[in-house]
Amino acid sequence: MDASRFIARHVIHLPRSGIRDFFELVARTRDVISLGIGEPDFDTPWHICEAAIFALEKGKTHYTSNLGLPELRRAISRYGERQFGVSYNPDNEILVTVGVSEALDLAFRAFVNPGDQVLFHQPCYVSYHPSITLVHGVPLPVPTYARDGFALNAEALRDAWQPGAKILVLNLPCNPTGGTCNRAQLDAIAAFAREHDLLVLSDEIYAELTFEGEHVSIASLPGMKERTILLHGLSKAFAMTGWRIGYACGPAALIEAMMKVHQYSMMCASIVSQEAAIEALTRGSDAMLRMREQYRRRRDFLVRRFNEMGLTCHVPRGAFYAFPSVAATGLSDREFALSLLENEKVAIVPGSAFGANGAGFCRACFATSHEQLLAATDRIERHLQQLRSKEPLAAEP
Ligand code: PMP
């Protein structure tokens, strides 16, 4: 029996994630050094884990309010003022979600009508394009370029914009490029959003991991709070990927719309994880800053090594990914990543997994120990030497 006839058309036509395909291959290869997965190598700081243990000891094993624990929403509100320079009312402008993943899904489901156009910069996080397609929206990718450090520029946005476009998704600092925007660039994007009456979904999950300059939230710019949903979570900066806590902040009417979808699907995030999140947001800054310093050192090392090897790599200003060009190898990004995996057992992700504009680049995550980065870069260098030594042969008739 062909069970696939039961699958909805828009799901059948959804392409599988390029990352997933690649990692199935990685899983079949032994002794791989992986710079592939986008998650901290650090375990969650212990005082945060303890808060969860205490919560269990106190019998906190129940559902919470759909919006999330009031104490967590108050902690988010205080944290938001410090980190993003925006003030949100914990009673009706904050919704706690199951990771930023759920917050993104809720936002698309709550705000996109079939046929609505959604702008987002690309290369970008793998879920944006399919999530927009799943709600029958129309994705409008806006290219970003290595020459700009992959910052989104308002000119490219103007070029990609179509009449009727409704939403702009931003991810600054960006996965996979590490690109971000300074205040002046963000001012221009904000002016564009106001001029064209766009709702901005601002995924700032890497905000704390900004290495140079300040992180500016678009929500903090004049006239933007009322048209922005700020999405943030604890997975990256606090090394809490497995706890699955994120949140959305925005105008009460929009948060209420997202909450309606959330209450019929997830109902609430895990209470134990919410208790841990209170601890992270109120007392987790020292541990977070120590991890950030490690990421910065690793970034400097990895980017220097890529450039020394001839893989041109801009300095990512945030997040924990290097995004070198592999064009000099004469191979496509996928061919290069596959040959590196096969010959030297190092996993990096082909840039085209992050959209057509990522072609010719690869993503290497530096949330990995220094020893692993040392070994991985030696292997990559050896692989490049091997490719170079083969070049003249390949050119022979
Ligand atoms: N947004 C971006 C840009 C990401 O890189 C990720 C995770 N890789 C997420 C959202 C989702 O994170 P989580 O669901 O763990 O909060």
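Given the structure is predicted, the values throughout are model-derived calculations rather than measurements. Just follow the structure's listing: the first ligand is 1, and inside any ligand the first atom is 1. Note: hydrogens, waters and symmetry copies are ignored here, and every other heavy atom, side chains too, is used.
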Can you tell which part of [X] has a heavy atom less than 4.0 Å from ligand 1: side chain, backbone, both or neither?
{"X": "E39", "answer": "neither"}
{"X": "S101", "answer": "both"}
{"X": "E102", "answer": "neither"}

Pi-cation contact, Y88 with K225 (under 6.0 Å, within 45°):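 Yes - K225 lies over the ring of Y88, closer than 6.0 Å to its centre and within 45° of its axis.
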
Cation-pi, Y145 ring and R147 (6.0 angstrom, 45 degrees):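 So R147 does make the cation-pi contact.
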
Just which atoms of ligand 1 are under 4.0 Å from any heavy atom in [X]?
{"X": "I205", "result": "1 (N), 2 (C), 3 (C), 9 (C), 12 (O), 16 (O)"}
{"X": "Y206", "result": "3 (C), 4 (C), 5 (O), 8 (N)"}
{"X": "R244", "result": "13 (P), 14 (O), 15 (O)"}
{"X": "G99", "result": "14 (O), 16 (O)"}
{"X": "N171", "result": "3 (C)"}

Option of least heavy-atom distance to atom 1 (N) of ligand 1 (set: D203, D105, V169):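 The nearest heavy atom belongs to D203.
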
Tell me, do [X] and [Y] make a side-chain contact under 4.5 Å, heavy atoms counted?
{"X": "M267", "Y": "H262", "result": "no"}
{"X": "Y125", "Y": "I205", "result": "no"}
{"X": "S270", "Y": "R244", "result": "no"}

Nitrogen or oxygen atoms of T241 and ligand 1 under 3.5 Å apart: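 No.
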
Value rounded to 0.5 Å, distance of CG in D378 from CE in M309: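 The CE atom of M309 is 7.5 Å from CG of D378, to the nearest 0.5 Å.
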
Spatial distance of atom CD (Q83) from atom CG (L230) [nearest 0.5 Å]: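 The distance works out to 9.5 Å.
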
Nearest-neighbour protein heavy atom for atom 6 (C) of ligand 1, which is reported as residue plus atom name and distance: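 In this structure, atom 6 (C) of ligand 1 has Y125 CZ, 3.4 Å as its nearest protein heavy atom.
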
Protein heavy-atom partner closest to atom 16 (O) of ligand 1 - residue, atom, separation in Å: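 So the nearest neighbour among protein heavy atoms is V100 N, 2.7 Å.
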
Candidate pair F84 and H232, rule ring pair (Phe, Tyr, Trp, His ring centres under 6.0 Å), full reasoning: CA-CA 10 Å; F84 302 107; H232 186 250; 5.1 Å; yes

hydrophobic_cluster_shared for L201 and I132, side chain cutoff 4.5 Å: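 In one cluster: yes.
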
Ligand 1 contacted by K236 (non-hydrogen, < 4.0 Å):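 For ligand 1, residue contact (heavy atoms, under 4.0 Å) with K236 is present.
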
Proximity flag S235 to ligand 1, non-hydrogen atoms under 4.0 Å: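 The answer is yes: ligand 1 sits under 4.0 Å from a heavy atom of S235.
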
